[in-house]
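Because the structure is predicted, anything quoted here is derived from the model rather than measured. The sequence lines fix the lettering, A, B, ..., with proteins before strands; numbering per chain opens at 1.
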2 protein chains.
Amino acid sequence: MAQRGRPRGFDRDHALRRAMELFWQVGYEGASLTALTTAMGITPPSLYAAFGDKEALFREAVGLYDRTEGAEADRALWTEPTARGAVREMLLANVAASTDPHKPSGCMIVLAAMTGPARGDQVRAFLAESRRTSAEALRRRLDDGRRSGELPPDTDIDTLAGFYVTVLHGLSIQARDGAGRAALAAVVEQAMRAWPAAGHPPADLVRAGAPTARAGRRPGGPSGP
Amino acid sequence: MAQRGRPRGFDRDHALRRAMELFWQVGYEGASLTALTTAMGITPPSLYAAFGDKEALFREAVGLYDRTEGAEADRALWTEPTARGAVREMLLANVAASTDPHKPSGCMIVLAAMTGPARGDQVRAFLAESRRTSAEALRRRLDDGRRSGELPPDTDIDTLAGFYVTVLHGLSIQARDGAGRAALAAVVEQAMRAWPAAGHPPADLVRAGAPTARAGRRPGGPSGP
DNA sequence: TCAATTCTGTAGTGATTGATATATAAAGAG
DNA sequence: CTCTTTATATATCAATCACTACAGAATTGA
């Protein structure tokens, strides 16, 4: 049967990518329907038929952002052999994604909707939840490091995770304020100097390819900022 | 002569404070004239007669924020005897101002206008300039510490300043996401563990009340986030 | 070909935006 | 008192907001 009526006259994925770039640049409230339809090269009825409404389009754009710009940071968190290396590479991947000269600077999840009128509550909560999820992923990676012996058993995992999430989010502000890739990479290296003094890392685990047995089982989850 | 015509029927300072709190909570674009006039307890013509327009009101609100919420952080930067103590107290003062249960969370300078439509360019540039100024103040304080011998002569001041400004800005995101005062204070202590290994601090200078001879001459400057 | 279905462009919807015209009220100056 | 000056409240302005009614166009199934 295939599709019945008149076929869509535009590339949905391409249009979604344009919408993502606009939301990334000017935020959710800052992207008007006029600006969106112009950027996407379609008319309002086409947008609503294909995506629902502005909020649904935004959520799809965030999903695309996660799968593209945020993928590398998420991957680094669970492929690096050590927790320290995972955090470092995650932060550096975020810097790389936040300082591409051909794309908006900073992380969309952090910048697109921090404040706004009461009617945008759900959108802000959606992004906040995405940030919370990636913060929890970071915390779990650190906890793996603690249990593997890389971090001392008495390490305050919540505080350490909170610190690196704070740096992660701060990097987006710095990037939007014009900081370059080299400068922010140096900031990441500086942040790694706050890493706790070595615990008793079992050399076999630290040098193993996977941080713990659980690593391979959690490939997904919103990558976040 | 005094004032000629009908006297103003409201307290201008009080109204400005209400406007500041609303801008702080929902941002520049998020605060509609209706919401502003309701919060300030005045009508639109009174607002425009007293403050000019929305953008001028916002700039005055930012000035009030600097003089009140940001004052303690700015003061700490130039009264603490050591650069390390100055940075630490500045960050802790920011945490305190960002986690008052009776006020909006996070720093207004960071949160009120990170993204938005093209027409808000000047407002965002105004806040970005405020952030740049406070970042430069932090850099100068670190440079003082380097020249006093507290920090090693080869310390990368720009990177160290960039790191602590990144933490400073990240704290506002964390606070707006619901992080509490104790958690963020612990994050600050964690950030201080990235402080460079001691240089050759001349004990007389480190214990002196002022960081350097220049300290007393720069009391002001926008306090920033 | 004809009917059914889906998409597209034009042109608009009511609601809300920041900002004001107008008339009146309240003060000092003379 | 009158005149001038400034502030206030009502009622609105044009522009923009997210969104959609409508009719025509383009496809499939019969």
Q: Could you state the interatomic distance from CZ (Arg18(A)) to OG1 (Thr37(A)), rounded to the nearest 0.5 Å?
A: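 With rounding to 0.5 Å, CZ (Arg18(A)) is 13.5 Å from OG1 (Thr37(A)).
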Q: Can you tell me the distance, in whole Å, between the CD1 atom of Ile42(A) and the P atom of dT10(C)?
A: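 After rounding, the gap between these two atoms is 14 Å.
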Q: Show the distances under 3.5 angstrom between N or O atoms of the protein and N or O atoms of nucleotides 11-18 of chain D.
A:
residue : atom : partner  : partner atom : Å
dA18(D) : OP1  : Ala31(A) : O            : 3.4
dA18(D) : OP1  : Lys54(A) : NZ           : 2.7
dA18(D) : OP2  : Leu33(A) : N            : 2.6

Q: What is the distance from atom CD of Glu89(B) to atom CG of Leu92(B), rounded to the nearest 0.5 Å?
A: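 That separation rounds to 5.5 Å.
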Q: Give me the atom names and distance for the closest heavy-atom approach of Ala50(A) to Phe10(A).
A: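 Heavy atoms only, the tightest pair is CB-CZ, 3.9 Å.
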Q: Could you state the CG-C1' distance from Asp11(A) to dC7(C), rounded to the nearest angstrom?
A: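 Rounding to the nearest Å, CG of Asp11(A) and C1' of dC7(C) are 15 Å apart.
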Q: For the atom pair CD (Glu29(B)) and CZ (Arg119(B)), what is the distance rounded to the nearest 0.5 Å?
A: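 Result: 5.0 Å between the selected atoms.
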Q: Can you tell me how far apart NE2 (His169(B)) and CD1 (Ile173(A)) are? Round to the nearest 0.5 Å.
A: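 The distance works out to 7.0 Å.
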Q: Rounded at 0.5 Å granularity, tell me how far CG in Asp144(B) sits from CD1 in Ile157(B).
A: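 Reported value, rounded in 0.5 Å steps: 9.5 Å.
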Q: Ser46(B) near the nucleic acid: base, sugar-phosphate alone, or nothing, with a heavy-atom cut-off under 4.0 Å?
A: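 Touches sugar-phosphate only.
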Q: Atom CG of Leu47(B) to atom P of dT6(D): distance rounded to whole Å?
A: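 About 19 Å, once rounded to whole Å.
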Q: When the ring planes of Tyr164(B) and Trp195(B) are compared, do they come out parallel, tilted or perpendicular, using 30° and 60° as the limits?
A: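 The rings of Tyr164(B) and Trp195(B) sit tilted, inter-plane angle from 30° to 60°.
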Q: With a cut-off of under 6.0 Å to the ring centre and 45° to the axis, is Lys54(A) in cation-pi contact with Phe23(A)?
A: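 No, Lys54(A) does not lie over the aromatic ring of Phe23(A).
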Q: If we check side chain to side chain contact (heavy atoms under 4.5 Å, CB included) with Tyr48(B), which of these qualifies: Leu57(B), Asp53(B), Thr43(B)?
A: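 Between Tyr48(B) and the candidates, side chain to side chain contact (heavy atoms under 4.5 Å, CB included) is satisfied uniquely by Asp53(B).
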Q: Whole-Å distance between dT17(C) P and Glu55(B) CD?
A: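 From Glu55(B) CD to dT17(C) P: 18 Å.
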Q: Out of dT4(D), dT8(C), dA25(C), which nucleotide sits closest to the side chain of Arg4(B)?
A: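 Shortest atom-to-atom distance from the side chain points to dT4(D).
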Q: What's the angle between the local helix axes at either end of the helix from dT1(C)-dA30(D) to dG30(C)-dC1(D), using five pairs per end and rounding to 10 degrees?
A: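 Comparing the axis at each end, I get an angle of 10°.
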Q: For the pair made of CG in Leu57(B) and P in dG18(C), what is the distance, rounded to whole Å?
A: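 From Leu57(B) CG to dG18(C) P: 11 Å.
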Q: Under the 3.5 Å rule, do the base of dA25(C) and the side chain of Arg6(B) count as making a donor-acceptor pair?
A: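 Side chain to base: pair found, below 3.5 Å.
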